[in-house]
There are 2 protein chains.
Amino acid sequence: MQERSAIASSATEDYVKVIYSHTEWQPEPITSSVLAARLGLAPSSVTEMVKKLAAAGLATHVPYGAVTLTSEGRSLALRMLRRHRLIETWLVESFGYGWDEVHDEAEVLEHAVSDRFLEAIAGKLGHPLRDPHGDPIPRADGSVEQPDAVLLADAPDGFSGPVVRISDRDPALLQYLGDQGFALDSVVTVVERRPFGGALAVRLDGAGFDLGDEATRAVWLGAGSS
Amino acid sequence: MQERSAIASSATEDYVKVIYSHTEWQPEPITSSVLAARLGLAPSSVTEMVKKLAAAGLATHVPYGAVTLTSEGRSLALRMLRRHRLIETWLVESFGYGWDEVHDEAEVLEHAVSDRFLEAIAGKLGHPLRDPHGDPIPRADGSVEQPDAVLLADAPDGFSGPVVRISDRDPALLQYLGDQGFALDSVVTVVERRPFGGALAVRLDGAGFDLGDEATRAVWLGAGSS
DNA sequence: CCTATAATTTCGGTGTGCCGAAAATACGTG
DNA sequence: CACGTATTTTCGGCACACCGAAATTATAGG
Ligand SMILES: [Mn+2]
Ligand SMILES: [Mn+2]
Ligand SMILES: [Mn+2]
Ligand SMILES: [Mn+2]
């Protein structure tokens with residue numbers, strides 16, 4: 001019999017959360033260096049910690065290869081994402097935070113609130129299934145509704161569809177896009193791809209924008225039409 | 001020029017909080033061993049940590065003597081007590097927690113919430129000045145209203161006064177007292193002290209109780225009459 | 001197939017906060 | 001005032017999570 005799922009440190013919680021969420025909207029498995037970059041840590045630190053995750057039965061790791069979660073690791077990750085995203089939603093709904101202001105606060109609170117408290121806010125919010133950025137909120141039983149979506153950067157000319165998700169990694173970008181009128185469910189149409197790796201021209205509510213690489217790699221569009 | 005008040009670790013925050021609150025209702029300064037007991041740590045750990053607090057300018061310590069806070073330590077303590085007690089109040093008022101259920105959750109959250117968040121809940125609560133246990137909530141500017149009070153164990157026979165504070169250290173005791181009808185502002189009268197270190201007979205809302213040592217050392221009464 | 005380069009891991013080391021055992025100190029009693 | 005006891009401190013050590021430098025491994029181009 002192995003270690004009965006012991007209480008994870010907040011470092012452990014952050015690792016599995018990042019490992020899981022990396023493959024949420026894209027299939028590419030995560031490598032040590034990407035994991036290090038996302039966590040803001042040195043690669044050597046990550047290698048060591050990943051070994052500990054493996055020893056704890058949360059991850060598997062082929063040396064020099066990708067890091068994958070075990071089913072136990074996945075359920076811890078889903079638990080943490082539920083926490084993170086419910087807290088973000090609650091900060092927006094109940095405290096008037098902007099969608100560009102919630103991430104850092106949630107990043108800390110997700111490790112601190114009790115299950116009782118978390119389920120209380122889930123109830124107050126009516127058990128929402130997506131957070132302010134369109135990321136799916138796993139249910140308490142670990143099930144998730146993952147929407148089909150196309151990265152705006154990959155959408156063909158003429159494609160049109162609702163905004164399904166905007167990555168919350170860069171608050172400044174979120175604020176910019178919010179100011180421009182981008183919101184979940186607003187419909188975006190790809191007008192034209194400027195030549196030589198230039199910007200992507202899109203239309204939103206009748207208005208036109210040129211979006212750079214960073215922006216088009218942060219926005220996902222749902223089932224639409226070409 | 002010394003270290004500009006650096007961000008304190010949650011260990012540091014807990015130490016100054018306990019040091020300060022020990023002299024809140026009683027004048028006796030705190031010693032290493034009492035501090036260790038309150039924190040649930042070994043005395044040797046406390047000695048070392050107190051040295052670090054002193055080095056950080058938060059406390060002063062006469063070897064083999066008492067631990068005292070500097071003004072900087074005191075203001076950090078007040079900041080933490082404001083956090084702890086506002087969070088406790090909020091859990092009771094907005095989440096239906098019982099007064100015996102809030103302490104542990106607050107103990108964690110006090111280190112995690114941002115100032116913005118804390119002041120938001122303070123506003124929602126109407127800037128209360130005492131928590132569910134009667135402990136004063138310091139204002140954001142660091143000022144406190146400390147009520148005059150007598151420990152029930154020290155009150156003379158015939159003394160009568162409103163409950164001003166009940167220590168939140170023992171949840172089981174809080175629950176018991178709550179079940180018996182004890183609440184802030186309910187009036188308690190000391191009837192008689194049973195001989196040979198026995199219980200203390202009190203009256204509350206017409207009903208009589210015999211309270212043991214632990215209970216009478218946890219309840220404070222306000223200005224009353226003999 | 002061989003090698004240069006980039007990614008990854010290993011290794012020695014750090015800071016924080018904790019512990020138990022042993023040594024030092026304080027203090028009440030005789 | 002001296003001594004035994006209780007308190008406090010010192011000391012060596014540990015767990016956790018991190019780092020940079022050096023060593024190792026993968027792999028892509030020639
Ligand atoms: Mn987020
Ligand atoms: Mn989010
Ligand atoms: Mn409390
Ligand atoms: Mn309290």
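Below, chain A is the first sequence line, B the second, and so on; all start at residue 1.
Taking the 5' to 3' direction, DNA chain C first and last meets chain B under 4.0 angstrom from a heavy atom at C:dG17 to C:dA26.
Within the structure, salt bridge (charged side-chain N to carboxylate O under 4.0 Å, His left out) pairs that include any residue of residues 38-56 of chain A do not occur (at least two apart or interchain). Applying the side chain to side chain donor-acceptor pair (under 3.5 Å) test to residues at least two apart or on different chains, the pairs with a partner in residues 137-147 of chain B are B:R139-B:S143, B:R139-B:E145, B:D141-B:S143. For residues 26-69 of chain B, no residue pair satisfies the ring-ring contact (aromatic ring centres under 6.0 Å, His included) rule, not counting sequence neighbours. Pairs passing the ring-ring contact (aromatic ring centres under 6.0 Å, His included) check and including a residue from residues 22-44 of chain B, sequence neighbours excluded, read B:W25-B:W220. Legend: side chain to side chain donor-acceptor pair (under 3.5 Å) pairs involving residues 94-107 of chain A, not counting sequence neighbours, sorted by first then second residue: A:K17-A:E107, A:H84-A:H103, A:E88-A:H103, A:Y97-A:E105, A:E101-B:R116, A:H103-A:E107, A:H103-A:D168, A:E105-B:S114.
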Check nucleotides 22-25 of chain D against the protein and report each pair of N or O atoms closer than 3.5 Å, with its distance, or say if there are none.
unit_1: D:dT24; atom_1: O2; unit_2: A:Y64; atom_2: OH; d: 3.4
unit_1: D:dT25; atom_1: O4'; unit_2: A:Y64; atom_2: OH; d: 3.2

Extract from the structure each pairing of a protein N or O with an N or O of nucleotides 2-5 of chain D at less than 3.5 Å, listing the distance.
none

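When the salt bridge (Lys or Arg N to Asp or Glu O under 4.0 Å) test is applied to A:R83, the partners found at least two apart in sequence or on another chain are A:D115. With sequence neighbours left out, the side-chain hydrogen bond (donor to acceptor under 3.5 Å, both in side chains) criterion links A:E28 to no other residue. In this view, B:D213 and B:R217 satisfy the side-chain hydrogen bond (donor to acceptor under 3.5 Å, both in side chains) rule, not counting sequence neighbours.
The stretch residues 24-48 of chain A touches DNA chain C through A:T31, A:S32, A:S33, A:P43, A:S44, A:T47, A:E48, each having a heavy atom under 4.0 angstrom from the strand.
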